[in-house]
Amino acid sequence: RFVQDVRHKKRLSAKIPGDEGKPLIGHVLEFEMDPQVMPHRLVHLMNRMVRETGHQMVKLWFLHDNVYMPTNGETIKHILDTTVEITKGNDYEVFVPWLGTGLLISTGDKWRSRRKMLTPTFHFTMLDGYVATMNRHAKICVDLLEDRSGQKLDMYPVVKMCALDIICETTMGKELDSQGQPNQPYVEAIVNLMSLGTEIGMKFYLWPKFMRYLLGVQQKFDKSLAIAHDFTKTVIAERTEALARGEVESNKRAFLDMLLEQKEKMSLTEEDIREEVDTFMFEGHDTTSAGLGWTVWCMACNPEIQERAYREVIEVLGDDLDRDLTRDDMGKLEYLDRCIKESMRLYPPVPFVGRQLQNDFQCGEYLLPKHGKVSISPFAIHRNESIYPNATRYDPDNFLPERMATRNAYDYIPFSAGPRNCIGQKFAQYEEKIIMTWLLRRFKFHSDEPIESQIFATEAILRPVNGIKVTVQRR
Ligand code: HEM
């Protein structure tokens, strides 16, 4: 089967423009399999190919793995819109012990029924209930920053803890206070699981489990896993009792409450509920904190843009620095909206997602082979110079309506698109706007370094390798 598979992939691959790499190893050496090198090489290769041949499909071989990367909206639309090819690649395998096969990882009928069940939890009436929570934690964030005004500091952990508190309360109804107490076992466990999972996925010598045990990585992972699972299970048990006693106020309903209400109707086990809760904890804070961190960075490097965004916030919210942002206000913050969109263009929090083809698949003019992988890369598309002429420049005007009208809707896909897009998109957009308005009202951010000095790694998220180090000055 394996040999047949590779032959089939080779046969179809030969019909697609592009080279096949070196015999046996393919393109492994060109990319050095390094998450800091790979994105730059890939974008360079893509832009050269598009310029010289006009083709919009990068073809790569990593040993026997055949990877295709559509590079513009018109081509990528085919794979994103299909309801058949929804199986993820193996990128998240390492997180399965933590997340099980919740919404992010599941496929087929399980994914379909979970998606249908979970979609109403992101209805705007539910999101409205989360706005107060987001404002409250954003206020705590800026209050805590007051003491550090005038200092150069890493804003990445600052926004990360804020996002973690928000997702914990909206998902489980539990106040975590990771901003005030970052050393709690659960907070440390979540941080460790994210970083160890990423490390295992990236370092090929850690792929065999015995190597992970030998180097002590697996023991650390298992310890954090036990703490995280225990925490979630305890919260689920407590919440079940609170609901039964009618102690959960209707305006403080968490995502978990809706799952518990569906438990019987959908025949959900405790484990089913736990995996969905953990999936939201996983997907719902690292992504938004990357989005926030990069927006702070882009603004710190572009003082005029930051000032214009600040003036808009003051115009909309007035001089009361402690006024909460409402959903109505959000629609009025057009310039800030463009700034956030543009930072997610240049630094998309999720740089790659994958699909593993279950059948031969016609992707526009390219016939891709069964068992080939498709890499959907917001990072690459957003830097395609045939779509964004000054692709590496931070320019919020890229999202002026007249410029957007010249592009395909799928040329901008930070949240992916189609039936398997990000279910938390609106939640994330609310959160980013709320936290940014609180930050901008109280502080000015400044960087001595130019925007392009940032080193990033394309891991599960686009991680700023050295953090987001900026000077924070009270206004
Ligand atoms: C800026 C923040 C965020 C970004 C950029 C982002 C991006 C993405 C992307 C690219 C995907 C993959 C879609 C695909 O495979 O085609 C995804 C999936 C997902 N996201 Fe987000 N996300 C963000 C925030 C959130 C939040 C806040 C939540 C939950 C509250 C969330 C929950 C999920 C879930 C559960 C999935 C899996 C959906 C499915 O497979 O049906 N995300 N996200």
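The structure presented is a predicted model; accordingly, all values stated were derived computationally and were not measured. In listed order, ligands and their atoms are each counted from 1.
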[X] side chain to [Y] side chain, donor-acceptor N/O pair below 3.5 angstrom:
X: Tyr410; Y: Asp81; result: yes
X: Thr326; Y: Asp329; result: yes
X: Asn398; Y: Glu342; result: yes
X: Thr288; Y: Glu431; result: yes
X: Tyr366; Y: His55; result: yes

>> For Phe379 together with Phe456, are the ring centres under 6.0 Å from each other?
In response: yes

> Leu164 pairs by side chain to side chain contact (heavy atoms under 4.5 Å, CB included) with which of Asp177, Val159, Ile190?
Replying inline: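 Testing Leu164 for a side chain to side chain contact (heavy atoms under 4.5 Å, CB included) against Asp177, Val159, Ile190 leaves exactly one candidate, Ile190.
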
Using a heavy-atom cut-off of under 4.0 Å, does the side chain or the backbone of [X] touch ligand 1, or both, or neither?
X: Ile167; answer: side chain
X: Leu103; answer: both
X: Arg355; answer: side chain
X: Glu431; answer: neither
X: His285; answer: neither

Do we get [X] above [Y]'s six-membered ring, with its NZ or CZ under 6.0 Å from the centre and within 45° of the axis?
X: Arg407; Y: Phe399; value: yes
X: Arg136; Y: Tyr130; value: no
X: Arg441; Y: Trp438; value: yes

> What protein atoms of element N, O or S are positioned under 2.8 Å from atom 21 (Fe) of ligand 1?
Replying inline: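 Listed by chain and number: Cys422 SG.
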
> When you look at Arg442 and Asp143, which way does the salt bridge (charged side-chain N to carboxylate O under 4.0 Å, His left out) test go after all the steps?
Replying inline: CA-CA 9 Å; Arg442 289 265 186 109; Asp143 284 348; 3.0 Å; yes

Checking a contact table here: which protein heavy atom is nearest [atom], and how many Å away?
atom: atom 12 (C) of ligand 1; answer: Val353 CG1, 3.6 Å
atom: atom 40 (O) of ligand 1; answer: Arg420 NE, 2.7 Å
atom: atom 5 (C) of ligand 1; answer: Pro414 O, 3.5 Å

> Could you go step by step and tell me if Asp230 and Lys233 meet the salt bridge (charged side-chain N to carboxylate O under 4.0 Å, His left out) rule?
Replying inline: CA-CA 5 Å; Asp230 266 6; Lys233 284 181 193 162; 5.3 Å; no

>> Take a 6.0 Å sphere around CD of Gln362 and say whether it holds more than 12 heavy atoms from other residues, nucleotides or ligands.
In response: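 Result for CD/Gln362: enclosed.
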
>> Heavy-atom contact check, 4.0 Å cutoff: does Trp111 meet ligand 1?
In response: yes

>> Tell me whether Gly291 reaches ligand 1 (any heavy atom closer than 4.0 angstrom to a ligand atom).
In response: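 Outside the 4.0 Å threshold, so no.
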
Numbering as shown, the atoms of ligand 1 that approach [X] to under 4.0 Å (heavy-atom distance):
X: Glu432; result: 1 (C)
X: Leu104; result: 36 (C), 37 (C)
X: Asn421; result: 38 (C)
X: Arg115; result: 38 (C), 39 (C), 41 (O)

> Is there any N or O on Lys88 that sits under 3.5 Å from an N or O of ligand 1?
Replying inline: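 Yes, at least one N or O pair falls under 3.5 Å.
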
